[in-house]
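Below: one structure, written as C-alpha cells.
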Amino acid sequence: MDLTDNTLDVKGKWELEASTIIEDEEWERAWVAWHKCLSSPTWTEFGWKLRMRFFKTPLVIANYDNKSNPLCWRGCGLMGDFSHIFWDCPKIQTYWDEVNKKIGEILNLERAFKPHQLILGNISLSGLGRNTSYMLRVLVLLAHKMITINWLKPHPPTLEQWTQRLRVVNCMENITASLQLRMDIYLQRWTSVILYLAE
C-alpha cells in the first residue's frame with residue numbers, strides 16, 4: 001500500500017500546522033495501522049477522513065466564504081484550524097486530560113501519548129505490544145469521533161460520551177468476532193476494556 005505520493009500534500013499541511021516533521025515511512029506505516037483499526041468500514045472511513053482533514057473547520061470555511069468567522073466556535077478567540085479544533089483549543093484540554101488518564105488506566109500505560117502523535121504516526125509504539133497498540137488506536141479514534149459528534153457546538157465532548165460510545169463499539173466488535181469465529185482475538189484485544197466497562 002503506497003500512500004506516500006498521493007497524500008504528501010496532506011502530510012505537508014499537518015507538518016505546518018503541528019510544527020513537526022513526519023518521515024514518509026512513518027506516515028505510510030501509520031496509514032496501514034489505522035486502516036486495520038476496527039472491523040467496521042464506517043470506522044475505517046472515519047479514520048481516513050480524520051487523517052485526510054476532511055472535516056470543515058472555521059478557517060477552511062472562511063477561506064471560501066468571506067462572511068464566515070475563522071475563529072474557533074467554542075468561543076476561545078483563537079484561529080479555528082484543524083489542529084486547534086481537535087487538540088489545541090483551551091476548552092478541549094479537560095476532555096483530552098480525562099480521556100488520556102482513562103486510557104492510561106485501561107491499558108496500564110506508563111507514559112502518556114499525545115493524540116496528534118498517534119494520528120500522524122510520528123511516535124513509536126514498538127514497546128507496547130500488538131494488542132495494546134491496537135487498543136490505544138481504537139480508544140484515541142473514539143475520542144476524536146466524539147469531537148466530530150459535537151461539531152459546531154460551544155461545549156466539548158465529555159468522558160461520559162466517550163465511555164458510552166466505547167460500550168457500543170465494544171458490543172459491535174463482540175458480535176463481529178462471534179460471527180467470524182474470532183472470539184479469541186477479540187478477547188486478547190478487548191479484555192481490558194471489558195473489565196473497565198464492567199466497573
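No hydrogens, no waters, no symmetry mates; every other heavy atom, side chains included, goes into these values. All values reported here derive from a predicted model rather than from experimental measurement.
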* Structure fact -> Residues at least two apart in sequence or cross-chain that pass side-chain contact (heavy atoms from CB on, under 4.5 Å) with Asp88, listed by chain then number, are Ser83, His84

* Asked: Below 4.5 Å, heavy atoms only, C-beta onward: do Trp43 and Val138 meet side chain to side chain?
  -> no

* Asked: Any idea which heavy atoms bring Leu50 and Trp14 closest together, and the distance?
  -> O-CZ2, 3.5 Å

* Walk me through it: do Leu8 and Asp24 pass the test side-chain contact (heavy atoms from CB on, under 4.5 Å)? => CA-CA 8 Å; Leu8 281 179; Asp24 291 351; 3.8 Å; yes

* Asked: Cluster question for you: counting only ILVMFWY and a side-chain heavy-atom cut-off of under 4.5 Å, with indirect links fine, are Ile175 and Leu197 together?
  -> no

* Does one side chain, of Thr176 or Tyr186, offer a donor that lies under 3.5 Å from an acceptor on the other? -> no

* Structure fact -> Separation between NZ (Lys102) and CD (Glu105), nearest 0.5 Å, reads 4.0 Å

* Roughly how far apart are Ile106 CD1 and Ser192 OG, rounded to 0.5 Å? -> 7.0 Å

* To do: Evaluate side-chain contact (heavy atoms from CB on, under 4.5 Å) for Leu109 paired with Leu128, printing each intermediate quantity in order.
  => CA-CA 8 Å; Leu109 298 178; Leu128 293 183; 3.9 Å; yes

* Compare every heavy atom of Ser68 with every heavy atom of Pro58, then report the nearest pair and how far apart it is. => O-OG, 4.5 Å

* Sequence-distant partners of Phe86, ring-ring contact (aromatic ring centres under 6.0 Å, His included), two or more places apart -> Phe82, His144, Trp151

* Asked: Out of curiosity, Thr132 OG1 to Leu139 CG, how far, rounded to the nearest 0.5 Å?
  -> 10.5 Å

* Do Gln161 and Thr158 pass the side-chain contact (heavy atoms from CB on, under 4.5 Å) test, and can you show the C-alpha distance, the side-chain angles, and the key distance before you say yes or no? -> CA-CA 5 Å; Gln161 285 179 303; Thr158 64; 3.4 Å; yes

* Minimum heavy-atom distance Leu159-Glu98, with the two atoms named -> CB-OE1, 3.7 Å

* Separation between CG of Leu71 and CG of Asp81, rounded to the nearest 0.5 Å -> 11.0 Å

* Asked: Sequence neighbours excluded, which residues qualify as ring-ring contact (aromatic ring centres under 6.0 Å, His included) partners of Tyr134?
  -> none

* **Single-linkage hydrophobic cluster Trp96~Leu78, side-chain heavy atoms < 4.5 angstrom** => no

* With sequence neighbours excluded, tell me which residues meet salt bridge (charged side-chain N to carboxylate O under 4.0 Å, His left out) with Lys49. => Glu45

* Going from CG on Leu142 to OG1 on Thr163, what distance comes out if it is rounded to the nearest 0.5 angstrom? -> 10.0 Å

* Asked: Can you name the salt bridge (charged side-chain N to carboxylate O under 4.0 Å, His left out) partners of Glu17, sequence neighbours left out?
  -> Arg53

* Asked: Between Met172 and Ile149, is there a shared hydrophobic cluster once you connect ILVMFWY residues whose side-chain heavy atoms come closer than 4.5 Å?
  -> no

* To do: Would you indicate whether Lys13, at its atom NZ, is surrounded by more than 12 heavy atoms from other residues, nucleotides or ligands within a distance under 6.0 Å?
  => no

* **Nearest heavy-atom neighbours spanning Leu59 and Met79** => CD1-SD, 3.7 Å

* May I have the step-by-step check of side-chain contact (heavy atoms from CB on, under 4.5 Å) for Leu187 and Ile194, ending in yes or no? => CA-CA 9 Å; Leu187 290 172; Ile194 294 168; 4.1 Å; yes

* For Phe54, check ring-ring contact (aromatic ring centres under 6.0 Å, His included) against everything at least two apart and list the hits. => none

* Cluster check Phe55, Trp73: I/L/V/M/F/W/Y, side chain < 4.5 angstrom -> yes

* Co-membership, hydrophobic cluster, residues Ile185 and Met135, 4.5 Å side-chain -> no

* Structure fact -> Residues Pro70 and Ala62: closest non-hydrogen pair is CB-CB, 3.7 Å

* Going by heavy atoms in the side chains, are Ile147 and Pro156 under 4.5 Å from each other? -> no

* To do: Measure the spacing between CH2 of Trp162 and CZ of Arg167 and express it to the nearest 0.5 Å.
  => 11.0 Å

* To do: Taking all heavy atoms of Ser40 and all of Glu173, pick out the closest pair and write down the distance.
  => N-OE2, 4.2 Å

